Amino acid sequence: MIQLSILRNDPKAIIEKLALKNFNASDPVDKILKCDEDRRIVQKTLDDNYAESNKIAKAIGEYYKTGKVQEANQLKETTVSLKENAKNLEEQLKNLEANLNSLLVQLPNPPHSSIKPGKTPEDNEIVYSEGEIPALPETAMPHWDLASKYNIIDFELGNKITGAGFPVYKGKGAKLQRALINFFLDNAIEAGFTEIQPPLMVNEASAYGTGQLPDKDGQMYFAQIDNLYLIPTAEVPVTNIYRDVILKEKDFPIKNVAYSSCFRREAGSYGKDVRGLNRLHQFDKVEIVEIQHPDKSYETLEEMRQYVCGLLRKLELPFRVLKLCGGDMSFTSALTYDMEVYSAAQKRWLEVSSVSNFESYQANRMKLRYKTDDGKINFAHTLNGSALALPRIVASLLENNQTEKGILIPKALVKYTGFDVID
RNA sequence: GGAGAGAUGGCCGAGUGGUCGAAGGCGCACGCCUGGAAAGUGUGUAAUCGUCAAAAGCGGUUCAUGGGUUCGAAUCCCAUUCUCUCCGCCA
């Protein structure tokens, strides 16, 4: 969430930046400033009230000690109105604070100064591309057909056991999944990330901390009986490790990597976008999460981007990097790169990674801070990225590498799969 | 799931109604000591809100969370959450 002090200092700048995300903030910002002002007035009055009460209480204590019971009893009467007043003010303050918070939480993260306006994915800027788009014969199959031809992914079986969007991986398909997970984890560890195995369910505070709540309520599976959410990404539990934590400057950068299954309701998705592996309710992903000093977070973002590109290169997939326009960015991000691979039979680009800098937006929500050497406390910056999400990688591997002899496994993966062709 | 015990600062731990944001220890930081280190020794060491341009200062809040009793609560009462022990169940 946006820091109130920043908003107070320059509300206009925030409104202008949020307009890039096609978010009209002038009305909520007005409300916030008004609410904040009221809050401070009430707070001051209440503080004075408390100060007075404290004084009286101490005086009564003194009287009792010296045996002046009468004086004490007299003083007691003066506290009646103070107490009543305090009760009133407390109520007001509570309401104002709740109100203020709920307003603040509804403001998206203002985008980085380099972000261009835009409304749709077409407005995203292609900042890099690499690799040859393979020329497949007419008879080339999309991955869902290949999956059943080689009996490696069974969508129908998933329907039976659970429902649409929960495929079953079998034989070499299952092994390929495992190989990719290990490949991604090993690469990350080599690059200095610490492996984390997080819980797959989180409580409300965690979902709120990374910004899934309240914005994306309804996109997460929710176990009502225990009040727990199935994670949509490992970002949620891993970043929340640092909720309510005050780091030291020397702790930076914190680099974590986690493999997890991810669960998304994807309410409202339909059509060919969701065919096969393109969009699932449950999928596997290796996620990298970094906590960094504010001065270095954009440096880190570039490193993360390069790191992800390196993975795609090793997998020999044609890919491109998009810098998202304001309108296509997520609620919580300040700058996002999307990595897309080309899936040659579908003839379309598939997003396989999204690398973002959230600056202090998540940190403010979850009170993730650091102490400078001279004792000041600031919010840290949080970043994360997929490295990588499996299903669409599998989709493009299957489609791009299909040959008459079968599906060829990229060299870098063979030591993980133990086979070099799916036939 | 049943019975019991508990939750205090970065950690351990004292504190059963007033002067307690909280003894003591550990840790940490800085200094002294030392050729250097260890040991020893001295000092300091929570967060948050408000006031202020800012700092200092001042005022408020915080001893799991939320309510209550009281002039006054870490301390008493109630609820919730979590942890531990025992029993039950179980990968």
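If you're wondering where the values come from, they're calculated on a predicted model, not measured in any experiment. Sequence lines set the chain letters: A, B, ... in the order given, protein chains first and strands last, and positions in each chain run from 1.
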If we take the [atom1] atom in both [N] and [M], what is their distance in whole Å?
N     : M     : atom1 : result
B:A91 : B:A79 : C1'   : 35 Å
B:C76 : B:C63 : C1'   : 16 Å
B:G59 : B:A64 : P     : 25 Å
B:U70 : B:U75 : P     : 16 Å
B:G57 : B:G6  : P     : 40 Å
B:C20 : B:G4  : C1'   : 31 Å
B:A73 : B:G67 : C1'   : 14 Å
B:C26 : B:G40 : P     : 9 Å

Tell me: [atom1] of [X] to [atom2] of [N], nearest whole Å?
X      : N     : atom1 : atom2 : value
A:D251 : B:C28 : CG    : C1'   : 13 Å
A:R39  : B:U48 : CZ    : P     : 14 Å
A:N364 : B:A47 : CG    : P     : 17 Å
A:E90  : B:G66 : CD    : P     : 12 Å
A:I246 : B:A29 : CD1   : P     : 18 Å
A:D47  : B:C58 : CG    : P     : 15 Å
A:K376 : B:A29 : NZ    : P     : 21 Å
A:E204 : B:C82 : CD    : C1'   : 16 Å

Between [X] and [N], is there a contact of a side-chain N or O with OP1 or OP2 at under 4.0 Å?
X      : N     : value
A:R40  : B:G59 : no
A:K83  : B:G72 : yes
A:R369 : B:A47 : no

For [N], what is the paired nucleotide under Watson-Crick or G-U wobble rules, both distances under 3.5 Å?
N     : result
B:U65 : B:A79
B:A74 : none
B:A14 : none
B:G9  : none
B:U43 : B:A29
B:U51 : B:G57
B:G4  : B:C84

Inspect the contact between A:K34 and A:D30 and indicate whether a charged nitrogen and a carboxylate oxygen are less than 4.0 angstrom apart. no

Identify, with sequence neighbours excluded, every residue that meets salt bridge (Lys or Arg N to Asp or Glu O under 4.0 Å) alongside A:D154. A:K170

Picking from B:C71, B:G50, B:U48, which would you name as closest to the side chain of A:Q43? B:G50

What is the nucleic acid contact for [X], judged by heavy atoms within less than 4.0 Å: base, sugar-phosphate only, or nothing?
X      : result
A:L82  : nothing
A:K371 : sugar-phosphate
A:K94  : sugar-phosphate

Face-on cation placement of A:K68 at A:Y63 ring, 6.0 Å and 45° thresholds: no

Should the pair A:K172 and A:F419 be classed as cation-pi, given the thresholds of under 6.0 Å to the six-membered ring centre and 45° from the axis? yes

Would you mind reporting whether A:Y416 and A:L180 have side-chain heavy atoms less than 4.5 Å apart? no

Comparing nearest nucleotides in RNA chain B, the 5'-proximal residue of the pair A:S53, A:E62 is A:E62

Using heavy atoms to find the nearest nucleotide of RNA chain B for A:N54 and A:D36 separately, return the residue whose nucleotide is more 5′. A:D36

Under the 3.5 angstrom rule, does the side chain of A:R365 hit a backbone N or O of A:Y208 as a donor-acceptor pair? yes

Does A:E249 CD have over 12 foreign heavy atoms under 6.0 Å away? yes

